[in-house]
Amino acid sequence: MKNVTQSGPGKVTRKGLSLFELTEMFPDEESARNWFESIIWPEGERVCPECDSGNTYECSHVRMPYRCRDCKKYFSVKTGTVMAGSPIPLRKWLFAIYLDTTSLKGVASTKLHRDLKITQKSAWHMQQRIREAFVEQGVRFGGPVEVDETYFGGKERNKHETKRKKLGRGPVGKTAVVGVKDRQTNRIAARVVGSTDAQTLQAFVEEHTTEDAQVYTDDARAYEGLPNRSSVKHSAGRYVDGHIHTNGIESFWSMLKRAHKGTFHKLSPKHLQRYVNEFVMRNNIRGLDTLDQMRIVTARLADRFLPYQELIRPNGLSSEARGG
């Protein structure tokens with residue numbers, strides 16, 4: 001793909017990477033291993049993930065090609081990363097990272113298992129581990145920012161009688177997500193929340209904006225009292241009042257919901273934050289070249305751990321996946 005110098009809808013300055021080019025760049029397992037090692041060990045020196053020693057050497061172990069002279073542990077580039085213990089070849093991990101990074105509406109595990117020739121269970125676990133790298137924390141915007149919340153879940157009337165909350169209409173029985181978009185950088189932060197009351201929503205805004213940031217919201221009462229806040233009255237059918245609107249963050253919700261309905265079909269409350277993290281991160285790095293996007297995701301695989309049993313246990317959401 002050529003570099004495009006124009007800016008505007010559908011035109012970007014980033015350098016993309018086709019699947020054909022990716023295959024040429026990484027034709028075998030060795031090329032993929034060299035890629036991962038160059039990112040996990042960026043200084044060019046192997047480091048033991050157990051004791052941080054650089055006193056290592058190559059050995060003939062089938063799955064652990066390196067050994068530390070100090071702690072005597074065997075290791076590979078997967079050790080100490082979210083890929084630890086995975087028998088899936090590194091080349092398939094690399095292709096999964098590429099697909100998850102470049103697919104704007106995400107990739108279903110049922111498709112990934114066909115594309116990579118692995119089981120659907122392995123594909124799903126692989127993607128959830130990659131989503132650990134999509135977590136962004138400590139994000140704070142200088143504004144102006146747009147703040148809005150949305151809801152995920154089926155309509156009450158479509159649920160089985162035994163699963164209906166019977167507490168009214170609207171968002172009853174759904175899971176709330178609040179988000180903030182910075183207009184200067186187009187970056188986003190979003191979080192699954194248990195409540196949309198003033199205390200919860202305003203605490204989120206304060207956590208992710210500077211004190212002097214201009215804040216734009218709709219006319220929901222939960223935002224009343226926020227400093228530097230201006231609102232547009234959605235309840236009166238008005239959605240834009242000059243520069244006061246929430247169209248940017250609502251566009252992000254639209255993308256996420258199209259993925260919900262068209263790609264994943266169901267996003268359980270238990271894992272919803274992981275999917276939100278994925279779309280937030282993909283939005284925040286979308287201006288970078290594809291290879292740079294892949295490098296960022298790959299580097300963030302280090303020092304993370306997500307075994308399958310932890311993933312499927314009741315309420316098994318790791319602290320890292322809770323998002324910022």
Side-chain angles (χ1 to χ4, degrees), residues 9 104-106 134-137 139-155 168-262 264 267 269 272-284 286 322-324:
L104 294 182
K105 297 178 186 176
F134 285 114
V135 176
E136 292 208 275
Q137 296 178 326
V139 178
R140 205 163 187 223
F141 303 130
V145 299
E146 302 172 18
V147 180
D148 190 38
E149 73 282 350
T150 192
Y151 298 87
F152 288 84
K155 296 179 179 179
R169 302 171 62 185
V172 171
K174 296 186 178 183
T175 304
V177 183
V178 60
V180 54
K181 179 173 183 178
D182 183 54
R183 287 187 182 175
Q184 291 295 327
T185 62
N186 287 324
R187 296 184 69 200
I188 288 172
R191 177 183 299 157
V192 175
V193 291
S195 172
T196 54
D197 59 17
Q199 181 178 358
T200 301
L201 297 187
Q202 292 192 29
F204 172 83
V205 176
E206 292 169 358
E207 180 183 346
H208 291 89
T209 59
T210 59
E211 293 181 359
D212 59 345
Q214 179 65 52
V215 178
Y216 299 124
T217 73
D218 58 22
D219 55 341
R221 295 182 61 182
Y223 297 114
E224 292 180 0
L226 276 173
N228 307 315
R229 176 209 177 213
S230 299
S231 64
V232 62
K233 289 192 175 183
H234 287 184
S235 59
R238 297 186 64 182
Y239 296 92
V240 178
D241 184 3
H243 55 275
I244 305 173
H245 61 79
T246 57
N247 291 349
I249 187 65
E250 288 175 4
S251 177
F252 176 75
W253 297 145
S254 179
M255 173 68 75
L256 184 54
K257 290 193 172 186
R258 284 198 297 271
H260 176 201
K261 301 299 183 183
F264 303 113
L267 299 178
L272 178 57
Q273 184 66 61
R274 298 185 191 280
Y275 293 90
V276 171
N277 291 343
E278 174 186 345
F279 280 77
V280 166
M281 177 72 168
R282 191 154 49 225
N283 172 86
N284 291 350
R286 65 185 301 179
R322 297 188 186 281

Requested in this report: Of all the heavy-atom pairs spanning L104 and M255, show the shortest one and how long it is.
Outcome: O-SD, 3.7 Å
Query raised in the report: Does Q184 reach the side chain of P144, with side-chain heavy atoms less than 4.5 Å apart?
Result: yes
Query - Pairwise side-chain contact, L256 with F152, heavy-atom cut-off 4.5 Å (strictly under) - result: yes
Query - Close side-chain approach of V193 and F204, heavy atoms under 4.5 Å - result: no
Report task. Report yes if the side chains of I249 and I188 come closer than 4.5 Å at any heavy-atom pair, otherwise no. Result -> yes
Query raised in the report: Between atom OG1 of T217 and atom CZ of R229, what is the distance when rounded to the nearest 0.5 Å?
Result: 3.5 Å
Requested in this report: Kindly compute the distance separating CD (Q273) from CG (L267), expressed to the nearest 0.5 Å.
Outcome: 12.0 Å
Query raised in the report: Less than 4.5 Å apart, any side-chain heavy atom of Q214 and any of S230?
Result: yes
Report summary line: Closest heavy-atom pair, A176 versus T196, reported as atoms and distance to 0.1 Å, is CB-CG2, 3.6 Å
Report summary line: The reported gap from NZ in K174 to OG1 in T150 (rounded to nearest 0.5 angstrom) is 8.5 Å
Query - D148 side chain to G248 backbone, donor-acceptor under 3.5 Å - result: no
Requested in this report: Would you mind reporting whether E207 and R191 have side-chain heavy atoms less than 4.5 Å apart?
Outcome: yes
Query raised in the report: Taking atom CD of E224 and atom CD of Q202, what is their separation to the nearest 0.5 Å?
Result: 9.0 Å
Requested in this report: Determine yes or no for a side-chain-to-main-chain donor-acceptor pair under 3.5 angstrom, with R140 supplying the side chain and T209 the backbone.
Outcome: yes
Requested in this report: Measure the OG1-NZ distance between T246 and K181 for me, rounded to the nearest 0.5 Å.
Outcome: 11.0 Å
Query raised in the report: Which heavy-atom pair separates P227 from V215 by the least distance, and what is that distance?
Result: O-CG2, 4.3 Å
Query raised in the report: In Å and rounded to the nearest 0.5 Å, what is the CD to CZ distance from E146 to R183?
Result: 4.0 Å
Query - Minimum heavy-atom distance between G142 and D182, given as atom pair plus value - result: N-OD1, 4.1 Å
Requested in this report: Would you name the heavy atoms of F264 and G106 that are closest together and state the gap between them?
Outcome: CZ-CA, 4.0 Å
Query raised in the report: Mind checking whether V280 and F134 have side chains closer than 4.5 Å, heavy atoms only?
Result: no
Report task. Please determine which of R258, E250, K257 meets the side-chain hydrogen bond (donor to acceptor under 3.5 Å, both in side chains) test together with S254. Result -> R258
Query raised in the report: Does some side-chain heavy atom of H260 sit less than 4.5 Å from a side-chain heavy atom of F279?
Result: no
Report task. List the atom of D218, the atom of E149, and the distance in Å for their closest heavy-atom pair. Result -> OD2-OE2, 4.5 Å
